[in-house]
Amino acid sequence: MENQQEIATPDNIVSAKVRSQALKIGTTKWLAHTALFTSIALLMKVIGQIGTLAENFKITPIYTIWLLAAATLGPVGGATVCFISDLLIALVFPAGVFNPFITIVWTLYGLTAGLIFKYLPVKSYTVKLVVAGVTCAFLFTFVLDSLAIWGWCKYYLNLKSYFGNGKNAIFGVYMLARLFQLIVALANIPIAVALLPILNRLKILPSLTAKNKKGV
C-alpha cells in the first residue's frame, strides 16, 4: 500500500488530533480565558478607533477576536467578551454619544457566533467559523448595527442625518454606508481561520464531535 501525504490546511492541522476540551462556565480556566480574550478585544478596539477612516468605516481586527472568543468560550463567553469590550471602549474612549443599542447588537454577535459554533452539525472548525463569521457579519455588522445607529439618531437624538433631520432619515442610506464595514468584517474571517491552529495547540477548542454538548 502506498503512503499518501495529506495536504496541510488550517482545518487539517486543527482536526488532525481532537485533543481539545471545552471550557466550562464559571471555572477558573473559563474566567481566565474570558478575561484574556476581553483584554485582547479591548486592544483591537483601540486599534479600530485609530483606524477610523470615516464615520462608518473602521479598519479593525476586532471581529477576528470576537469570532475566536465565541469558538473557544461558546455562546455565553462570546457574548460576555463582546459586551464588556464594546461597553468599556465606549465609556473610556467615546467616539460620540454612547449608543446602548450598538452594545446590545455586538453582545448578540458573540452569542450567535457561539451558538453556531456549538450546534452547527459539521466536524470542521473552519466551516463552523466561516458560517458564524459570514452570518454575523451580514446580520449584525450590516443590518442590525445600521438599524441601531439609524433608530438612535432618528428617535432619540433627533439629529440631522444623511438625508434630512431625524424623522426624515432614510434607513437605506445608513445600510449603504455600512457596506464598507461589512467588507472589513468579512475580511476578518480568513484571519480568524488562520489562527485556529494556535487555539488547538492551547487545547481550548471544544470537540468536533457533533454529539458532544459539554461546555459552552
Smallest separation among heavy atoms of [X] and [Y], with atom names:
X	Y	answer
I102	I149	CD1-CG1, 3.9 Å
A148	N99	O-ND2, 3.2 Å
A137	L182	O-CD1, 3.5 Å
G77	L73	CA-CB, 3.6 Å
L67	A132	CD2-C, 4.2 Å

| query | Can you find a pair of side-chain heavy atoms, one from I40 and one from L68, that are under 4.5 Å apart? | reply |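 A side-chain contact under 4.5 Å is absent here.
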| query | Does some side-chain heavy atom of K118 sit less than 4.5 Å from a side-chain heavy atom of P206? | reply |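 With C-beta onward as the side chain, the pair stays apart.
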| request: Taking side chain to side chain contact (heavy atoms under 4.5 Å, CB included) as the test, write out the residues that go with I104, two or more places apart. | output: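 If we apply the side chain to side chain contact (heavy atoms under 4.5 Å, CB included) test to I104, skipping adjacent residues, the hits are F101, L108.
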| Qualifying residues under side chain to side chain contact (heavy atoms under 4.5 Å, CB included), relative to T27, sequence neighbours excluded |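 Side chain to side chain contact (heavy atoms under 4.5 Å, CB included) list for T27, sorted by chain: K24, K29, W30.
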Could you grab the distance from atom [atom1] of [X] to atom [atom2] of [Y], nearest 0.5 Å is fine?
X	Y	atom1	atom2	answer
T38	H33	OG1	NE2	12.0 Å
S146	L179	OG	CG	8.5 Å
W106	C82	CH2	SG	8.5 Å

| said: Closer than 3.5 angstrom, by distance alone: can the side chain of R178 be matched with the main-chain N or O of T141 as a donor-acceptor pair? | reply: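 At least one qualifying donor-acceptor pair exists.
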| message | Does V122 form a side-chain contact (heavy atoms from CB on, under 4.5 Å) with K128? I'd like the steps, not just the answer. | response | CA-CA 7 Å; V122 296; K128 286 173 178 284; 3.7 Å; yes
List the atom pairs, with distances to 0.1 Å, where a side-chain N or O of residues 184-191 and a protein N or O form a donor-acceptor pair under 3.5 Å, not counting sequence neighbours.
| residue | atom | partner | partner atom | Å |
| --- | --- | --- | --- | --- |
| N188 | OD1 | T64 | N | 3.1 |
| N188 | OD1 | T64 | OG1 | 2.9 |
| N188 | ND2 | T60 | O | 3.2 |
| N188 | ND2 | V184 | O | 2.8 |

| task | Apply the test side-chain contact (heavy atoms from CB on, under 4.5 Å) to residues Y125 and V193: give CA-CA distance (whole Å), side-chain angles for both, the deciding distance (0.1 Å), then the verdict. | result | CA-CA 8 Å; Y125 287 114; V193 169; over 6 Å; no
| Per the side chain to side chain contact (heavy atoms under 4.5 Å, CB included) rule, which among T72, I84, L42 passes with F37? |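 Among the candidates, only T72 passes.
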| said: Which residue in the set T112, L147, T135, D145 passes side chain to side chain contact (heavy atoms under 4.5 Å, CB included) when paired with F140? | reply: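 Only one of T112, L147, T135, D145 forms a side chain to side chain contact (heavy atoms under 4.5 Å, CB included) with F140, namely T112.
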| task | Just grab all the side-chain hydrogen bond (donor to acceptor under 3.5 Å, both in side chains) pairs involving residues 74-94, residues at least two apart or on different chains. | result |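 Sorted pair list: K45-D86, W66-S85, D86-T103.
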| said: In this structure, would I62 and I183 fall into the same cluster of hydrophobic residues linked by side-chain contacts under 4.5 Å? | reply: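 No.
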